[in-house]
Peer 1: 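The structure that follows is given in the form of structure tokens.
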Amino acid sequence: MILPKEYYSRDPEEVAIKLLGKLLVRELNGNRMSGYIVETEAYHGAWDPASKAYKSLRGDLAKTLYGEVGLTLIYGIHGKWLLNIVAHKGDGGAVLIRAIEPHEGIEYMMRNSGTTNPYKITSGPGKLCKALSIDKKLHKKPVYTKESGLWIEEGRKVEEWEIMKSHRIGVKVDLEKPLRFYIKGNPYVSRG
DNA sequence: CGCCAGATTGACT
DNA sequence: GTCAATCTGGCGG
């Protein structure tokens with residue numbers, strides 16, 4: 001079952017937690033690739049120093065951050081693409097997908113990412129996008145319909161005790177609140 | 001159009 | 001732990 005659009009009309013922090021264990025599906029040229037989300041980060045609006053809307057409400061990224069929920073927000077950094085899902089209740093925000101556990105179409109993902117080590121295919125936001133052929137063409141596409149070739153389905157049940165929290169990674173100026181969430185003990189989380 | 005910072009990654013001390 | 005190569009969007013001129 002695909003998660004409905006309303007699923008993303010909540011605080012980014014809450015959505016980030018709820019997305020853990022869900023199945024991220026990518027369909028391309030008839031090939032189905034998927035993986036369970038095991039690591040996420042929450043980003044807020046203008047008051048979040050790490051947000052793209054901080055000090056610049058101009059630009060497509062900031063507008064998307066404050067726009068319709070349930071859309072992808074593809075952000076390029078250091079020559080990589082990062083996958084975000086717009087999620088907020090009116091005040092702007094998004095959830096960054098940092099890592100997934102490969103499930104279907106692993107062969108295609110390995111070919112895309114150029115490695116045969118299953119633990120290195122999707123264990124990072126940049127690598128994940130490469131493995132699933134996600135780039136700017138998928139910017140602002142809905143994840144609550146199959147039409148875009150990228151969507152999120154109901155996945156595993158994740159118990160509360162399996163979810164760990166920590167500070168965000170790689171962010172220069174972070175908030176004190178822990179906004180990174182990942183599944184405890186999962187070997188596919190990035191660097192940690 | 002040129003400059004610059006950055007939500008990364010992989011290699012190295 | 002540290003470091004720098006790498007590319008796009010945002011912003012100034």
Side-chain angles (χ1 to χ4, degrees), chain A residues 8 11-20 22 24 35 37-67 69-88 91-102 109-141 143 150 152 164-183 186-192:
Chain A
Y8 307 96
D11 278 332
E13 186 176 338
E14 184 184 348
V15 177
I17 295 173
K18 298 265 187 184
L19 283 184
L20 290 174
K22 297 296 184 293
L24 179 71
I37 298 172
V38 297
E39 184 179 358
T40 60
E41 280 180 13
Y43 286 82
H44 294 87
W47 55 272
D48 184 350
S51 164
K52 282 293 99 184
Y54 186 65
K55 282 189 177 176
S56 72
L57 286 174
R58 290 185 265 178
D60 184 55
L61 290 173
K63 278 187 285 186
T64 305
L65 197 64
Y66 273 84
V69 300
L71 300 183
T72 56
L73 192 159
I74 312 291
Y75 178 54
I77 189 74
H78 292 87
K80 322 275 192 306
W81 294 111
L82 310 186
L83 174 63
N84 298 252
I85 312 292
V86 180
H88 60 88
D91 53 347
V95 176
L96 168 67
I97 310 297
R98 286 194 59 90
I100 65 174
E101 175 185 328
M109 290 192 257
M110 290 195 300
R111 195 185 57 195
N112 287 338
S113 52
T115 177
T116 51
N117 184 338
Y119 293 103
K120 293 187 175 179
I121 306 174
T122 57
S123 56
K127 289 187 286 187
L128 178 159
C129 288
K130 194 176 178 186
L132 297 185
S133 294
I134 294 171
D135 59 24
K136 201 59 191 297
K137 291 193 296 293
L138 283 168
H139 184 50
K140 280 180 157 177
K141 303 289 186 206
V143 294
L150 180 72
I152 298 176
M164 303 291 286
K165 302 179 182 181
S166 77
H167 66 88
R168 290 181 290 192
I169 296 178
V171 180
K172 279 246 179 103
V173 186
D174 201 0
L175 297 169
E176 293 192 15
K177 222 175 174 184
L179 289 172
R180 171 179 176 245
F181 312 96
Y182 60 97
I183 296 181
N186 191 291
Y188 296 94
V189 302
S190 67
R191 289 242 220 177

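Atoms considered below: every heavy atom in the structure, side chains included; atoms not considered: hydrogens, waters and symmetry mates. Residue numbers start from 1 in every chain, and the chains themselves are labelled A, B, ... in the order their sequence lines are given, proteins ahead of strands. Everything numeric here is computed off the predicted structure, so don't read it as measured data.
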Peer 1: Could you tell me whether A/R98 and A/E41 make a salt bridge, using a distance below 4.0 angstrom between a side-chain N and a carboxylate O?
Peer 2: yes

Peer 1: Tell me, please, which residues at least two apart from A/D91 pass side chain to side chain donor-acceptor pair (under 3.5 Å).
Peer 2: none

Peer 1: Any non-hydrogen side-chain atom of A/W81 less than 4.5 Å from a side-chain atom of A/I134?
Peer 2: no

Peer 1: How is A/K127 classified with respect to the nucleic acid when contacts are heavy atoms under 4.0 Å: base, sugar-phosphate, or nothing?
Peer 2: sugar-phosphate

Peer 1: Taking the side chain as C-beta and beyond, is there a heavy-atom pair between A/L73 and A/L61 under 4.5 Å?
Peer 2: yes

Peer 1: Could you work out, with side chain to side chain donor-acceptor pair (under 3.5 Å) as the rule, every residue matching A/K177, not counting sequence neighbours?
Peer 2: A/E13

Peer 1: Would you say the side chain of A/I121 lies within less than 4.5 Å of the side chain of A/K127, judging by non-hydrogen atoms?
Peer 2: no

Peer 1: Do A/E101 and A/I183 have side-chain heavy atoms sitting under 4.5 Å apart?
Peer 2: no

Peer 1: Let me have DNA chain C in dot-bracket notation, would you? Count Watson-Crick plus G-U wobble pairs, both distances under 3.5 Å, and use [ ] for pairs crossing earlier ones and | for inter-strand partners.
Peer 2: |||||.||||||.

Peer 1: Below 4.5 Å, heavy atoms only, C-beta onward: do A/L175 and A/D48 meet side chain to side chain?
Peer 2: yes

Peer 1: Using chain A heavy atoms and a threshold of under 4.0 Å, write down where along DNA chain B the contacts begin and end, 5' to 3'.
Peer 2: B/dG6 to B/dA11

Peer 1: Would you give a per-nucleotide map of nucleotides 6-13 of chain C, 5' to 3', where B means the base has a protein non-hydrogen atom under 4.0 Å away, S means only the sugar-phosphate does, and - means neither?
Peer 2: BBSSSS--

Peer 1: With sequence neighbours excluded, what pairs up with A/S166 under the side chain to side chain donor-acceptor pair (under 3.5 Å) test?
Peer 2: A/R180

Peer 1: Give one of base, sugar-phosphate or nothing for A/R168, where a contact means two heavy atoms less than 4.0 Å apart.
Peer 2: nothing

Peer 1: Could you walk me through whether A/V69 and A/V15 pass side-chain contact (heavy atoms from CB on, under 4.5 Å), step by step?
Peer 2: CA-CA 11 Å; A/V69 300; A/V15 177; over 6 Å; no

